[in-house]
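Only one structure is covered here, and it is reproduced in the block below.
By convention in this document, chain letters (A, B, ...) are assigned in the order of the sequence lines, proteins followed by strands, and residues within each chain are numbered from 1. Model, not experiment: these values are computed from the prediction.
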2 protein chains.
Amino acid sequence: MPTKEAAATRRLSEDLRLACMRISRRVRFESDHEVAPHQFSVLSRIEDGPLTPRALADIEKVSAPSMTRTVGCLVEDGLAERAAHPDDGRQVLVTITAQGREVLRATRARRDAWMVARVAELSAQERATLADAAKILAEIAAR
Amino acid sequence: MPTKEAAATRRLSEDLRLACMRISRRVRFESDHEVAPHQFSVLSRIEDGPLTPRALADIEKVSAPSMTRTVGCLVEDGLAERAAHPDDGRQVLVTITAQGREVLRATRARRDAWMVARVAELSAQERATLADAAKILAEIAAR
DNA sequence: TATTGTTATACTCTATAACTATA
DNA sequence: TATAGTTATAGAGTATAACAATA
């Protein structure tokens, strides 16, 4: 890649990263009250099916004892339950409860509300640009 | 706004918010090692001029004692300095040091490196879309 | 013997309440 | 009396090390 194009890529990457991080920060500041960020994160991991504490610790990149504690809080608050593993007596399956699903729904609704208010003020063309960008950004984040 | 258009706006807002938050999370996971997130945040607040602990606490939405501690860590690490306020003997001015500026530069470079690697793989057209989107997102975040 | 999960212990960041110095 | 900053103390979240139960 030529130097000039590389410089443009660098500038775009900076602008894009900063914009994403600032929006993320605003969303969290304005709307996260019900559960702590790491609890929300774990809750959304078990949304589509139970996982073991070990798996959750690896996914969330925290230690096993930390995950034990976080799961303990979720269970204590009625947002998740511990169940025995059918095949392996050592393992535990952390399962989301109906109340846990409700917390996920409400938190997402609050977060989205902030964003909807801003997107609604844009022009149709700006929204179209953002729709294209959202697809590309989602792919980047998934790598 | 018609119902159908409102639904599209809602969907776009969700997709966009999720993409931004996931990218933000990835960037932090992959590249934040030198200073803690809240230290980095405070450091960037005093980048363009000194601020008092009170002002920093308000901006960062933490308590005054928390900010006292964070500033204490920054000072201990040589990234910031405390200076007397010229007019008001009660107040303190927290000033960034040359070493503090270097930490900001290095952390930003690491964060950008992750993003540059991904943006470089995109097509010219995708980059053009993202460049337009970055402008719009920056405006949204600034509101 | 290796793995899963938990408990024991310590460190960091956060908060509220109380204290000191200055306006 | 009010404000800025700090110190005292306590409550979460995180980590490593040690332990119990199971494979």
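Under the 4.5 Å side-chain criterion, counting only non-hydrogen atoms from C-beta, B:Val35 is not in contact with B:Cys73. A:Val94 places none of its side-chain heavy atoms less than 4.5 Å from the side chain of A:Arg45. B:Met67 places a side-chain heavy atom less than 4.5 Å from the side chain of B:Val42.
Separating the CG atom of A:Leu74 from the P atom of D:dA12 is a distance of 15 Å, rounded to the nearest angstrom. The nearest whole Å value for the distance from the CZ atom in A:Arg54 to the P atom in C:dT6 is 11 Å. Rounded to whole Å, atom C1' of C:dT3 lies 12 Å from atom CG of A:Asp58. Rounded to whole angstrom, the span from the CG atom of B:Leu56 across to the P atom of D:dA4 amounts to 13 Å.
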Subject >> Footprint string (nucleotides 14-23 of chain C, 5' to 3'): B base within contact, S backbone only, - free, heavy atoms under 4.0 Å >> reply: BBBB----BS

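Panel note: side chain B:Thr9, backbone B:Glu5; a donor-acceptor pair is recorded below 3.5 Å.
Here A:Arg82 does not reach the OP1 or OP2 of C:dT4: none of its side-chain N or O atoms lies under 4.0 Å away. For the pair B:Thr68 and D:dT6, the criterion of a side-chain N or O lying under 4.0 Å from OP1 or OP2 is met.
B:Leu43 and B:Gly100 make their closest contact through CD2-O, 3.8 Å (heavy atoms, listed as atom of the first residue, atom of the second, distance).
We find that A:Arg17 and B:Asp112 are joined by a salt bridge, their nearest charged nitrogen and carboxylate oxygen being less than 4.0 Å apart.
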